[in-house]
Amino acid sequence: MTNETVKALIWTGKTLEVLDQRQLPEITNYDSYSDAAGVTDAIKSMRVRGAPAIGIAAAYGVVLSVKQHLKSENWQQLVARDIEMLAQSRPTAVNLFWALDKMKSVLAGIHDDILAAVAMCAINIHADDKAANKKMGEFGADLLTGAKGVMTHCNTGSLATGGYGTALGVIRSAVARDKELNVFAGETRPWLQGARLTVWELSQDGIPVTLIADSAAAWLMKSGKIDWIIVGADRIAANGDTANKIGTYSLATLAKQHGVKFMVVAPNSTIDWHLENGDNIEIEYRTAREFLPACYDTPNSLVSAWNPVFDITPATLIDAIVTENGVVLNPYEHANGIRILQK
Ligand code: MRU
């Protein structure tokens, strides 16, 4: 079985049920949210994470806000304030701002049955993301002809998207074609999206996977066991520079050294067409507590920690960018970067 069984977000029509990814794989627990403040907290605290899933959750957050405030005279102001709060939840994944902009245009354009209109928009954002993933899965799997092994980083599957996944969707599609593919997942320090989420998600769907320590990646490449590294993205600039989970840039650099190909898979909602290159992508820094031993987390401690959670891989290190609109090979060779994907 290679379909996806895991659901990060469930919309009930009244609430958003969010699978608490902080507790996986030990505990499978959904928290229920009925307002935008709750959804903002779910994103900030990383109960839900992954660029497309963050955007989808925020869209449902707007629906909950409209539902909560619609009877107030100043409901538009209250909803605008909630949208601003949702926008402040995490800075790097552009899907968040893309989804909020979509919700804002619905709010600006519709005058009757506004609740039904915003709900429909959020449901469509969710469904369209899953459909886009399935297309990317097929495009990406086409590139894996002849490949025996792949490595992925972070978690880019059903847990991180509307369903099926981006980089993990490509792996799902390749395995569904009965392809013998050895799949390696990096543990993805410090939050362990690979070790806690990716290997769990793949095993739920019957796909064998081998976990490696992040520091084993160079040696894995040197061993000749992998042909491609396949990752997702949080924001892609118009020239193909790609912000993704910290460690992606190291993997791309190592891939070049070892002749391993590097594929980025993301929906068009992850491309920030306003940015010519990756220089101005905001990188999120999270608390030192994510990995600093508690004994050093004291007021006069001499030990601190630096915790950027994304990095930017230059387009020159990327062999293929895959979206639902197609594939761009060697994006740095194109004068217009990846604008051919802009539809
Ligand atoms: O901090 P996270 O877990 O939200 O980071 C997630 C990633 O970096 C993913 O690779 C990216 O969002 C793509 S998910 C399809």
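Ligands are counted one by one from 1 in listed order, and the atoms in each one are counted from 1 as well.
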Asks: Which heavy atom of the protein is the closest neighbour of atom 15 (C) of ligand 1, given with residue, atom name and distance?
Replies: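 Minimum-distance protein heavy atom for atom 15 (C) of ligand 1 reads Thr166 OG1, 3.2 Å.
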
Asks: Would you say Trp191 touches ligand 1, if touching means a heavy atom closer than 4.0 Å?
Replies: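 So Trp191 does not count as touching ligand 1.
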
Asks: Will you find, in the side chains of Arg49 and Gln21, an N or O donor that is under 3.5 Å from an N or O acceptor?
Replies: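 Yes, side-chain donor-acceptor contact under 3.5 Å.
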
Asks: Below a 4.0 angstrom heavy-atom separation, can you tell me which part of Thr161, side chain or backbone, both or neither, approaches ligand 1?
Replies: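 Within the 4.0 Å criterion, Thr161 contacts ligand 1 through side-chain atoms alone.
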
Asks: To the nearest 0.1 Å, how far is atom 5 (O) of ligand 1 from its closest protein heavy atom, and which atom is that?
Replies: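 Closest protein heavy atom to atom 5 (O) of ligand 1: Lys245 CE, 3.2 Å.
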
Asks: Which pair of heavy atoms, one from Val264 and one from Ala233, lies closest together, and at what distance?
Replies: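 Answer, listing the atom of Val264 first, then Ala233: CG1-CB, 4.0 Å.
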
Asks: Is the Tyr285 ring parallel, tilted or perpendicular to the Trp306 ring (thresholds 30°, 60°)?
Replies: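 Tyr285 and Trp306: tilted rings.
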
Asks: Please state which option from Arg90, Met46, Gln193 has its nearest heavy atom closest to atom 4 (O) of ligand 1.
Replies: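 Considering heavy atoms of Arg90, Met46, Gln193, the nearest to atom 4 (O) of ligand 1 sits in Arg90.
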
Asks: For the residue pair Ala167 and Thr152, what are the closest heavy atoms and their distance?
Replies: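 Result for this residue pair: CB-OG1, 4.1 Å.
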
Asks: Under 4.0 Å from a heavy atom of Pro52: give me the atoms of ligand 1 that qualify, with their elements.
Replies: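 By the 4.0 Å cutoff, the relevant atoms are 14 (S), 15 (C).
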
Asks: Do any pairs count as a salt bridge (charged side-chain N to carboxylate O under 4.0 Å, His left out) and have a residue in residues 30-40, sequence neighbours left out, and if so which ones?
Replies: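 Counting only pairs at least two positions apart or across chains, the salt bridge (charged side-chain N to carboxylate O under 4.0 Å, His left out) contacts touching residues 30-40 are Asp31-Arg47.
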
Asks: Heavy-atom contact under 4.0 Å between His153 and ligand 1?
Replies: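 Under 4.0 Å: no for His153.
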
Asks: Is there a polar contact between ligand 1 and Arg49, counting only N or O atoms under 3.5 Å apart?
Replies: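 N/O-N/O distance under 3.5 Å: yes.
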
Asks: Quick one: salt bridge (charged side-chain N to carboxylate O under 4.0 Å, His left out) pairs with a partner in residues 180-192, sequence neighbours left out?
Replies: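 Passing the test, one end in residues 180-192: Glu187-Arg189.
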
Asks: Could you tell me which non-hydrogen atom of Ala36 sits nearest to which non-hydrogen atom of Gly61, and how far apart they are?
Replies: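 Minimum heavy-atom separation between Ala36 and Gly61: CB-O, 3.6 Å.
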
Asks: Hey, does Ala233 sit under 4.0 Å from ligand 1 if you only count heavy atoms?
Replies: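 Under 4.0 Å: yes for Ala233.
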
Asks: Can you list the atoms of ligand 1 that are under 4.0 Å from a heavy atom of Phe310?
Replies: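 Counting from 1, the qualifying ligand atoms are 1 (O), 5 (O), 8 (O).
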
Asks: Are side-chain N/O atoms of Asn244 and His153 paired as donor and acceptor at under 3.5 Å?
Replies: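 No donor-acceptor contact under 3.5 Å links the two side chains.
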
Asks: For Asp241 and Ala315, which heavy atoms make the closest approach, and how far apart are they?
Replies: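 In terms of heavy atoms, the two residues are closest at OD1-N, 2.8 Å.
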
Asks: Given Val48, Asn244, Leu168, which one has a non-hydrogen atom that is nearest to atom 9 (C) of ligand 1?
Replies: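 Of the listed residues, Asn244 has the closest heavy atom.
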
Asks: Considering non-hydrogen atoms of the protein only, which is the closest contact for atom 12 (O) of ligand 1, and what is the distance?
Replies: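 Protein heavy atom with the smallest distance to atom 12 (O) of ligand 1: Ala51 N, 2.8 Å.
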
Asks: Does Asp234 have a non-hydrogen atom less than 4.0 Å from ligand 1?
Replies: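 It does; at least one heavy atom falls under 4.0 Å.
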
Asks: Looking at atom 14 (S) of ligand 1, what's its closest protein heavy atom, distance included?
Replies: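 For this ligand atom, the closest protein heavy atom is Ala160 CB, 3.6 Å.
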
